[in-house]
Amino acid sequence: MGQIKLRKSVIYCRVSTGEQDCDRQEKDLLAYAARAGFEVVEIFRESASGSRDDRPARKKVLALAQARKIDAVLVTELTRWGRSTIDLITTLQELQSRKVSLIAQTGLEFDLSTPHGKLIATLMSGLAEFERDLIKERVRSGMAAAKSKGQRFGREPGYIPSQVREKELKVLELTRQGRSYRKVAESLGLSKNTVMRIVRDSSAALPNQK
């Protein structure tokens with residue numbers, strides 16, 4: 001009988017603050033990998049809040065997936081991996097394009113090539129769209145309330161409203177996902193100062209929450 005080939009995987013652990021550590025996550029995932037028949041080729045540990053975009057360890061995992069050196073990514077729970085529903089869907093699609101699955105410790109496997117995975121992706125895409133719509137509605141309501149009180153939104157010299165207005169909602173959406181101003185500016189072809197002004201104007205327009 002030929003030897004069964006184990007699926008190659010990496011373990012990804014993340015905690016939110018420097019006061020915490022990844023020891024428990026790593027221990028639990030190693031035990032799960034042994035039970036489920038995964039060969040762990042590397043372990044990645046990271047300390048970063050859920051909203052932060054600069055996660056070097058996660059980027060290394062995605063690079064391994066892109067190089068097709070792994071079959072799966074093991075996490076204790078989805079919140080350890082995704083920053084938001086939108087981010088989770090985006091990275092799941094990126095992993096799937098390399099035929100790599102994201103697997104939670106419960107055994108729930110997110111493989112978008114399977115009928116079950118496609119169903120989960122469809123449901124999550126709906127939640128992501130709802131999340132985007134909520135952000136847009138809050139921004140529109142806040143700006144409308146501010147304008148009704150006579151507030152005007154200033155622009156920098158050389159600022160071209162007709163070219164930037166359509167990108168404002170995208171700027172706000174990306175910054176609320178935790179993207180840095182510099183990365184948002186690069187992805188949308190804007191200056192960093194323009195991105196900062198859009199966010200500042202939007203924050204000033206939103207009513208105070210008490």
Please give me the minimum heavy-atom distance between [X] and [Y], naming the atom from each residue.
X: I11; Y: E26; answer: CD1-O, 4.5 Å
X: V199; Y: L172; answer: CA-CD2, 4.1 Å
X: F38; Y: S9; answer: CB-OG, 3.6 Å
X: D87; Y: W81; answer: OD2-O, 4.2 Å

What I want to find out is whether [X] reaches [Y] closely enough, with some N-O distance under 4.0 Å, to be called a salt bridge.
X: E186; Y: R182; answer: yes
X: R24; Y: D28; answer: yes
X: R176; Y: E173; answer: no

L174 and M196: same hydrophobic cluster, using ILVMFWY side-chain contacts below 4.5 Å?
yes
So does [Y] get a backbone contact from the side chain of [X], meaning a donor-acceptor N/O pair under 3.5 Å?
X: R7; Y: E39; value: no
X: Q96; Y: S101; value: no
X: T194; Y: L190; value: no
X: R55; Y: R14; value: no

Can you measure from CD (Q177) to NZ (K183) and round to the nearest 0.5 angstrom?
12.5 Å
In this structure, OG1 of T175 is separated from CD1 of I198 (nearest 0.5 Å) by 9.0 Å
Intermediate values then yes/no, side chain to side chain donor-acceptor pair (under 3.5 Å), E46 and Y12:
CA-CA 8 Å; E46 194 146 59; Y12 177 79; 2.6 Å; yes
Can you tell me which residue among V41, V75, V40 is in a side-chain contact (heavy atoms from CB on, under 4.5 Å) with V10?
V41
Validation: residues 63-73 side-chain donor-acceptor distances under 3.5 Å, sequence neighbours left out:
residue: D71; atom: OD2; partner: K8; partner atom: N; Å: 2.9

